[in-house]
Q: 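Just dropping this structure here.
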There are 2 protein chains.
Amino acid sequence: MEAVIKQERNLCITHILPIRDALDILSGKWKIPIIVALCVHKRRFKELHRDVQGITAKMLSKELKELELNKLVKRTVHDTSPVTVEYSITEYGHSLTPVINELRDWGMKHRDKIIYHPEEA
Amino acid sequence: MEAVIKQERNLCITHILPIRDALDILSGKWKIPIIVALCVHKRRFKELHRDVQGITAKMLSKELKELELNKLVKRTVHDTSPVTVEYSITEYGHSLTPVINELRDWGMKHRDKIIYHPEEA
DNA sequence: CCGTATCCAGAACGATACTG
DNA sequence: CAGTATCGTTCTGGATACGG
């Protein structure tokens, strides 16, 4: 075994690569908000456009494409006229729930302590 | 109560703002890797430079500054000659451990399923 | 309705050289 | 040792107009 993982106390240890993988998939301004919106219920493009506040159609389209390629989101085209497209979270996408919950918990617990946001500098 | 949080099953629900807060603090290519490195043990600048593979001194310096402003990392100057500077994780920084663990767990469990990385396109 | 194409500004990131 | 300054590139995200 090349890399031995030491699990001492509650320390966060080595194995940075899987963390980077996760971060890569979730990177960007909109991926998590889109996933959160879709966790509530499946959505059409325009509905998502309203739900995810501030996003442009271009970014929504682009982010959905990446999420779909990563199998986190499923795109279903209904052959009505005009076409309706439905986006839903996959089981795989759902497996992100613990991560998102931890992020939200941390964000809520420590919101008051936040002193500095890079983008406000 | 303005926003009622519904906790049905294991869905990830509304309250996107705390998630965004967390994401803002942890955004960028290097924050989490730096925190992970510092969770193992306190480090001097040059040691960190080696530990966090691929980072430049400029980015390391900039990211450490932001992490320090957010009280996730503590910077201690020892008045030796030449000066030595020591970076360590704070208790507050340590509170990120569950988040990082979830990220790593997800990344490890699902690494094989990763099909598309934006940056490889 | 569901997007795409084009153009563009600014931020993020990196290489290199330099300082106290 | 512990950074900063400068410059250049790449990536991100937004505005607007258009297409199936």
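Quick caveat: nothing in here was measured; it's all calculated off a predicted structure. Excluded from the calculations below are hydrogen atoms, water molecules and symmetry mates; all remaining heavy atoms, backbone and side chain alike, are included.
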Q: Not counting sequence neighbours, which residues clear salt bridge (charged side-chain N to carboxylate O under 4.0 Å, His left out) with A/E102? List them please.
A: none

Q: Reading nucleotides 14-20 of chain C from the 5' end, what letters show protein touch, with B for base, S for backbone sugar-phosphate only, - for no heavy atom under 4.0 Å?
A: BB-----

Q: How many Å lie between CG on A/D24 and P on D/dT12, as a whole number?
A: 10 Å

Q: If only atom types and distance count, is the side chain of B/K109 paired as donor or acceptor with the main-chain N or O of B/D105 below 3.5 Å?
A: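 It does not hold such a pair.
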
Q: Donor-acceptor check, side chain of A/R104 to backbone of B/A22, threshold 3.5 angstrom: yes or no?
A: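 No, A/R104 side chain to B/A22 backbone: no donor-acceptor pair under 3.5 Å.
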
Q: Rounding to an integer number of Å, can you tell me how far A/H49 NE2 sits from D/dA15 P?
A: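 Going from A/H49 (NE2) to D/dA15 (P), I get 10 Å.
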
Q: Nearest whole angstrom, please: distance from the P of D/dC11 to the CD of A/E66.
A: 12 Å

Q: Whole-Å distance between D/dC1 C1' and B/R44 CZ?
A: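 It works out to 7 Å between those atoms.
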
Q: Between atom NZ in A/K62 and atom C1' in C/dA5, what is the gap in whole Å?
A: 15 Å

Q: Please enumerate all residues that pass salt bridge (charged side-chain N to carboxylate O under 4.0 Å, His left out) together with B/K42, with sequence neighbours excluded.
A: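 Salt bridge (charged side-chain N to carboxylate O under 4.0 Å, His left out) list for B/K42, sorted by chain: B/E86.
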
Q: So, does B/R75 get its side chain near the phosphate of D/dG3, meaning an N or O under 4.0 Å from OP1 or OP2?
A: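 For D/dG3, OP1/OP2 do have a side-chain N/O of B/R75 under 4.0 Å.
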
Q: Please enumerate all residues that pass side chain to side chain donor-acceptor pair (under 3.5 Å) together with A/R50, with sequence neighbours excluded.
A: none

Q: Looking only at side-chain N and O atoms, does B/Y87 come under 4.0 Å of OP1 or OP2 in D/dC1?
A: no

Q: How bent is the helix from C/dC1-D/dG20 to C/dG20-D/dC1, measuring the angle between the end axes built from five pairs each, rounded to 10°?
A: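 Here the local axes at opposite ends form an angle of 50°.
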
Q: Test of understanding: with side-chain contact (heavy atoms from CB on, under 4.5 Å), list the residues that count as partners of B/S81, not counting sequence neighbours.
A: none

Q: May I have all residue pairs that pass salt bridge (Lys or Arg N to Asp or Glu O under 4.0 Å) and include part of residues 32-41 of chain A, sequence neighbours excluded?
A: none

Q: With sequence neighbours excluded, tell me which residues meet salt bridge (charged side-chain N to carboxylate O under 4.0 Å, His left out) with A/E47.
A: A/R43

Q: Give the rounded distance in Å between these two atoms: CD of A/E86 and C1' of C/dC1.
A: 14 Å

Q: Could I get the full list of side-chain contact (heavy atoms from CB on, under 4.5 Å) partners for A/I32, not counting sequence neighbours?
A: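 Partners of A/I32 under the side-chain contact (heavy atoms from CB on, under 4.5 Å) test: A/L26, A/V36, A/I100, A/L103, B/I19, B/L23.
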
Q: Please check the phosphate of C/dT4 (OP1 and OP2 only) for any side-chain N or O of A/K65 closer than 4.0 Å.
A: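 Yes, because at least one side-chain N or O of A/K65 sits under 4.0 Å from OP1 or OP2 of C/dT4.
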
Q: Tell me the interatomic distance from B/E47, atom CD, to D/dG3, atom P, rounded to whole angstroms.
A: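 The distance from CD of B/E47 to P of D/dG3 comes to 13 Å, rounded to the nearest Å.
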
Q: Return the value, rounded to whole Å, for the distance between atom CD of B/Q53 and atom P of C/dC13.
A: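 After rounding, the reported distance stands at 18 Å.
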
